[in-house]
Amino acid sequence: MTSASASASAPAPNPRAHSFNAAAAQYAANRPSYPPALLDSVERLAGRALVGARVVDVGAGTGIATALLVDRGADVVAVEPGDGMAEQFRRTLPHVPVVRGDGNALPLADGTADLITYAQAWHWTDQERSVPEALRVLRPGGALALWWNITDPDTPWLTAQSARIARHLGMDDGTGHSADRTRRGVAALTTALEFHRDRVSWRRRVPLDTHLANLGTHSAFLVLGAERTAEFVEAERAELLKVFPDAVVEERYVVDLLVAIRPSPDAAPGTGTGSGTAASATAPDPAS
């Protein structure tokens with residue numbers, strides 16, 4: 001499946017996108033996975049089973065989503081740009097091939113993938129490049145699937161925590177505004193694709209230390225510096241013990257999933273497969 005693709009000059013590195021490399025082990029140990037129902041939805045919207053599918057997991061990180069795809073029987077090649085993340089990936093999934101690269105210039109041959117996935121990663125791409133690259137690598141009828149774990153906005157303690165994070169980081173507490181900007185941008189770039197959306201709610205119960213360590217793997221904290229991050233973590237520990245006095249936190253998530261089918265050459269405009277709500281792409285919370 002692999003092949004060098006022609007690419008334009010690379011854009012300047014994004015410090016937040018590369019900040020994960022120094023925290024790869026912490027990321028692997030504490031970030032949430034995804035519920036089985038998510039992959040059920042991917043199969044439904046993509047119009048095919050994952051068993052035997054040739055899947056490219058882009059921005060694979062430490063392999064959290066890759067492992068689930070492999071467990072479903074997919075034949076997966078991971079693509080990861082970061083040194084630290086790729087090294088951790090190889091420790092976690094030594095039998096799964098990982099190639100160095102990113103979605104802006106996929107190191108893969110034309111028309112070789114049944115499915116391209118981006119778990120928590122699409123927003124780091126330059127969509128003027130990553131959209132045509134996905135279309136190049138997908139076979140006709142193949143699917144592009146994008147998804148994000150987003151903290152449940154209807155959970156009061158998570159809403160309060162988001163506000164505290166925004167204040168500490170000096171950010172506008174306006175996740176929706178960020179998402180709206182990305183939706184408009186992607187809508188202008190993906191006119192060849194018709195995205196369909198599903199949302200999957202799920203939760204996990206973890207020790208308070210795991211929850212706080214998960215927060216510390218978000219890029220906004222990784223670039224903030226150890227001292228200011230530690231200040232927030234200790235203050236947040238005190239706040240959360242008021243809500244969870246047993247120091248076991250119930251995290252609640254909504255996975256926002258978007259799937260688009262690469263049209264066949266003879267397909268009529270706007271033709272797609274699967275079922276779901278038509279949508280343009282979304283964005284994660286600003287501290288991801």
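Bear in mind the structure is a predicted one, so any value in this text is a computation, not a measurement. Because only heavy atoms are used, hydrogens play no part in the values below, and waters and symmetry mates are left out as well, while side chains stay in.
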TODO: Go through the side-chain N and O atoms of His211 and Glu250 and say whether any donor and acceptor fall under 3.5 Å apart.
DONE: no

- [ ] State, without any angle test, whether Asn149 and Trp202 hold a side-chain donor-acceptor pair at a distance under 3.5 Å.
- [x]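 Per modelled atom types, Asn149 and Trp202 side chains form a pair under 3.5 Å.
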
Task: Stepwise ring-ring contact (aromatic ring centres under 6.0 Å, His included) test for Trp157 and Phe244 - done: CA-CA 10 Å; Trp157 77 265; Phe244 303 103; 5.1 Å; yes

Do [X] and [Y] come close enough that some side-chain heavy atom pair is under 4.5 Å?
X	Y	result
Tyr118	Leu144	yes
Leu45	Leu257	yes
Val200	Trp147	no
Tyr27	Met85	yes
Gln127	Trp122	yes
Arg54	Val76	no
Trp148	Leu146	yes
Pro32	Asn214	yes

Keeping [X] on the side-chain end and [Y] on the backbone end, is there a donor-acceptor pair under 3.5 Å?
X	Y	result
Asp102	Pro81	no
Asp152	Val254	no
Ser130	Asn104	no
Glu43	Leu50	yes
His168	Glu231	no
Arg90	His95	no
Gln26	Ala213	yes
Arg262	Leu138	yes
Arg31	Ile64	no
Arg197	Val259	no

- [ ] Test Pro35 against every option in Leu68, Asp40, Val255 by the side chain to side chain contact (heavy atoms under 4.5 Å, CB included) rule and name the one that passes.
- [x]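 For Pro35, the side chain to side chain contact (heavy atoms under 4.5 Å, CB included) check succeeds only for Val255.
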
For the [atom1] atom of [X] and the [atom2] atom of [Y], what is their distance to the nearest 0.5 Å?
X	Y	atom1	atom2	answer
Arg252	Asp154	CZ	CG	10.0 Å
Leu222	Thr229	CG	OG1	7.0 Å
Asp75	Asp114	CG	CG	9.0 Å
Ser41	His196	OG	NE2	13.5 Å
Leu115	Leu69	CG	CG	7.0 Å
Ile165	Leu215	CD1	CG	5.0 Å

- [ ] Decide, yes or no, whether a salt bridge links Arg199 with Asp256 under the criterion of side-chain N to carboxylate O below 4.0 Å.
- [x]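 Here Arg199 pairs with Asp256 in a salt bridge, since their nearest N and O are under 4.0 Å apart.
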
Specify the closest pair of heavy atoms between [X] and [Y], including all atoms of both residues, with the distance to one decimal.
X	Y	answer
Thr159	Pro153	OG1-O, 3.1 Å
Glu133	Gly103	CB-O, 3.5 Å
Thr112	Ala109	OG1-O, 2.9 Å
Ala60	Ala78	CB-CB, 3.7 Å
Gln120	His123	O-CE1, 3.2 Å
Ala134	Ile116	O-CD1, 3.7 Å

TODO: Under the salt bridge (Lys or Arg N to Asp or Glu O under 4.0 Å) rule, what do Arg100 and Asp83 come out as? Steps first, then yes or no, please.
DONE: CA-CA 9 Å; Arg100 303 302 299 281; Asp83 292 339; 2.6 Å; yes

- [ ] Determine, step by step, whether Arg164 and Glu236 satisfy the salt bridge (Lys or Arg N to Asp or Glu O under 4.0 Å) criterion, reporting the C-alpha distance in whole Å, the side-chain angles of both residues, the deciding distance to 0.1 Å, and the verdict.
- [x] CA-CA 8 Å; Arg164 291 191 295 269; Glu236 189 63 13; 2.7 Å; yes

TODO: Begin with the C-alpha distance, continue with both residues' side-chain angles, and end with the deciding distance and a verdict on side-chain contact (heavy atoms from CB on, under 4.5 Å) for Val99 and Val77.
DONE: CA-CA 7 Å; Val99 295; Val77 171; 4.2 Å; yes

- [ ] Verify side-chain contact (heavy atoms from CB on, under 4.5 Å) between Glu239 and Val243, making sure each step is shown before the conclusion.
- [x] CA-CA 7 Å; Glu239 291 291 338; Val243 183; over 6 Å; no

TODO: Output, in order, the C-alpha distance, side-chain angles, deciding distance and verdict of side-chain contact (heavy atoms from CB on, under 4.5 Å) for Leu240 and Leu212.
DONE: CA-CA 10 Å; Leu240 292 179; Leu212 294 171; 4.2 Å; yes

TODO: Identify, with sequence neighbours excluded, every residue that meets side chain to side chain donor-acceptor pair (under 3.5 Å) alongside Arg205.
DONE: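 If we apply the side chain to side chain donor-acceptor pair (under 3.5 Å) test to Arg205, skipping adjacent residues, there are no hits.
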
Open item on the list: Taking side chain to side chain donor-acceptor pair (under 3.5 Å) as the cut-off, I'd like each qualifying pair that reaches into residues 56-68, sequence neighbours left out, listed once.
Closed with: Asp57-Thr66, Asp57-Thr117

TODO: Any chance you could lay out the salt bridge (Lys or Arg N to Asp or Glu O under 4.0 Å) test for Arg136 and Asp110, step after step, and finish with the verdict?
DONE: CA-CA 5 Å; Arg136 179 184 65 79; Asp110 296 1; 2.6 Å; yes

- [ ] Mind running side-chain contact (heavy atoms from CB on, under 4.5 Å) on Thr155 and Thr151 for me, showing each step along the way?
- [x] CA-CA 8 Å; Thr155 302; Thr151 54; over 6 Å; no

Task: Single-linkage hydrophobic cluster Tyr253~Val248, side-chain heavy atoms < 4.5 angstrom - done: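 No, it is not one cluster - the side chains of Tyr253 and Val248 are not joined through contacts under 4.5 Å.
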
Task: Which residues share a side-chain contact (heavy atoms from CB on, under 4.5 Å) with Glu87, sequence neighbours left out - done: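 Counting only residues at least two positions away or on another chain, Glu87 forms a side-chain contact (heavy atoms from CB on, under 4.5 Å) with Arg91.
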
